[in-house]
There are 2 protein chains.
Amino acid sequence: MALAEAILVCLTERPMSGYDLAKNFDASIGFFWRASHQQIYRELGRLREKGYVVSEEVSQDGKPNRIIHTLTADGKKALRAWSKKPAKHPSLKDDMLVKFYALENMDLNALKDQLTIRMEQHQTKLSKYYRIKERYYDGQNLNLTQKGKLIALEMGIDQEIQTIQRLEDAMRKIGEL
Amino acid sequence: MALAEAILVCLTERPMSGYDLAKNFDASIGFFWRASHQQIYRELGRLREKGYVVSEEVSQDGKPNRIIHTLTADGKKALRAWSKKPAKHPSLKDDMLVKFYALENMDLNALKDQLTIRMEQHQTKLSKYYRIKERYYDGQNLNLTQKGKLIALEMGIDQEIQTIQRLEDAMRKIGEL
DNA sequence: TAACCCTATGCAACAAATTGCATATAATCA
DNA sequence: TGATTATATGCAATTTGTTGCATAGGGTTA
């Protein structure tokens, strides 16, 4: 399970609350790994039990208390150990491809609408990636951390571009049926 | 949950046992939706309860009895209804991208090895796709069912080619660090 | 002023997926 | 002859993911 590791990765940047992590999982690392706040809070409990993070309550006035989680030496070690274990390949489950596969039993017009919606979603994501790249990673003097994130981001960008192309292709093909 | 639908899709071709379905999920439809035999048997139970399939035990000599599942009219209706519902986009969880994102805390050599392994896996898959395409879908007179499967297959082919390219890119980039 | 969103945490129930185990027969390979 | 592979089905336990709800103060909008 890489949710644990994704959280640890976030905490290498700086100590964070569960809420901060949840927001991170809506952006940055969330481009590569999705998780809801409920999952994150549950996982943080486990990480604390294992001693990979330590948690400290901080009171704020007006707002509810925050619980700030900090990565421990053990947590960092666990992260490095994880980096040596083979990455399992992504699960590959796609409704849409199943629908193409079963084209004969599908409603073609509905499918075209779904294709359009999906293209728009990928386009939106792509624009977001471009904005982030320009804003944060367009300089010359990037350190290793930034270079890694840039590689991930550029893989994301290429993936979106290619996905949109494939969807356009598919749209054309079912138009020609 | 589209496992139910993926099973129904398989059963549009012909009545099958759970074992047959499990094998299908190791090939053909399994390219777009993965499932273990345990999942399939459990799901078949639910589909039977809903009346989407009927199941009939067939004795064989020597081998254990097979339970053959046949799609019902209700099942076919459910499939068509599903085709109109928006496809949710794939979950997008990738260990490898998380590892790039966290490059600073990773073991670079281990990561390169993992990249290589993954490239080989995608290459294997691509070859398999090409063989299937040549063998089953290379003729001129394809019916709608076949055309749908060909579209799915070609999307799979493009996806693999592009994934391999991206991995090569990433490999080059971490080599230049 | 009421309705809604943001911050902040978390429980509980359920659904889905994974892992490990169990059973039973037949054919094939070393 | 013993080991492995293939056929065929399934339970149980655990982990992971989703959905709904609860609490609670503060700001913003209609």
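In what follows, chains are A, B, ... by sequence order, proteins preceding strands, each numbered from 1.
Taking atom CD of residue Glu5(B) and atom P of nucleotide dA16(C), one finds them 10 Å apart after rounding to whole Å. One can place CZ of Arg48(B) at 7 Å from P of dG10(D), the figure rounded to the nearest angstrom. Atom P of nucleotide dA24(C) and atom CG of Asn65(B) are separated by 14 Å, given to the nearest angstrom. When the C1' atom of dA8(C) is taken as reference, atom CG of Leu44(A) falls 13 Å away, rounded to whole Å. At whole-Å resolution of the value, CD in Gln38(A) and P in dA22(D) are 14 Å apart. Atom C1' of nucleotide dC11(C) and atom CZ of Arg46(A) are separated by 14 Å, given to the nearest angstrom. Distance CD1 (Ile40(B)) to P (dA8(D)): 14 Å, rounded to an integer number of Å.
Side-chain N/O atoms of His69(A) and Ser55(A) include a donor and acceptor closer than 3.5 Å.
Both Tyr137(A) and Leu144(A) are members of a single hydrophobic cluster when ILVMFWY side chains are connected at heavy-atom separations under 4.5 Å. Residues Leu111(B) and Leu177(B) are members of one and the same hydrophobic cluster, defined by side-chain heavy-atom contacts under 4.5 angstrom among Ile, Leu, Val, Met, Phe, Trp and Tyr.
Stem list for DNA chain C (at least 3 consecutive Watson-Crick or G-U pairs, distances under 3.5 Å): C:1-30 with D:1-30.
Note on Lys88(B): nothing from the nucleic acid sits closer than 4.0 angstrom, heavy atoms only. Nucleic acid contact class of Arg34(A) (heavy atoms, under 4.0 Å, all strands): none.
With respect to the salt-bridge test (charged N to carboxylate O, under 4.0 angstrom), the residues Glu154(A) and Arg166(B) do not qualify.
Screening residues 102-113 of chain A for side chain to side chain donor-acceptor pair (under 3.5 Å), with sequence neighbours left out, gives Glu104(A)-Thr145(B).
Here Gln39(A) does not reach the OP1 or OP2 of dT16(D): none of its side-chain N or O atoms lies under 4.0 Å away. Residue Tyr41(B) has a polar side-chain atom (N or O) positioned under 4.0 Å from OP1 or OP2 of dT9(D). Close to dC6(C), at under 4.0 Å from its OP1 or OP2, lies no side-chain N or O of Lys23(A).
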Given Tyr129(B) and Phe31(B), is the ring-ring contact (aromatic ring centres under 6.0 Å, His included) satisfied, shown in steps? CA-CA 9 Å; Tyr129(B) 284 168; Phe31(B) 297 145; 4.8 Å; yes

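Nearest to the side chain of His37(B), among dG17(D), dT9(C), dT9(D), sits dT9(D). You'll find that the side chain of Ser36(B) is closest to dT19(C), out of dA16(C), dT19(C), dT9(D). If you check dT9(D), dA8(C), dG17(D) against the side chain of Tyr19(A), the one that comes closest is dA8(C).
Taking only distance into account, the side chain of Glu43(A) never meets the base of dG17(D) through a donor-acceptor pair shorter than 3.5 Å. With hydrogens and angles ignored, a donor-acceptor pair closer than 3.5 Å exists between the side chain of Arg42(B) and the base of dA17(C).
Two residues, Asp20(B) and Lys93(B), neighbour DNA chain D, and the one matched to the more 5' nucleotide by heavy-atom proximity is Asp20(B). Where Ala35(A) and His69(B) meet DNA chain D, the nucleotide closest to each residue was compared, and His69(B) sits on the side nearer the 5' end.
Under a cutoff of 6.0 Å and an axis angle of 45°, Lys77(A) and Trp82(A) do not form a cation-pi pair.
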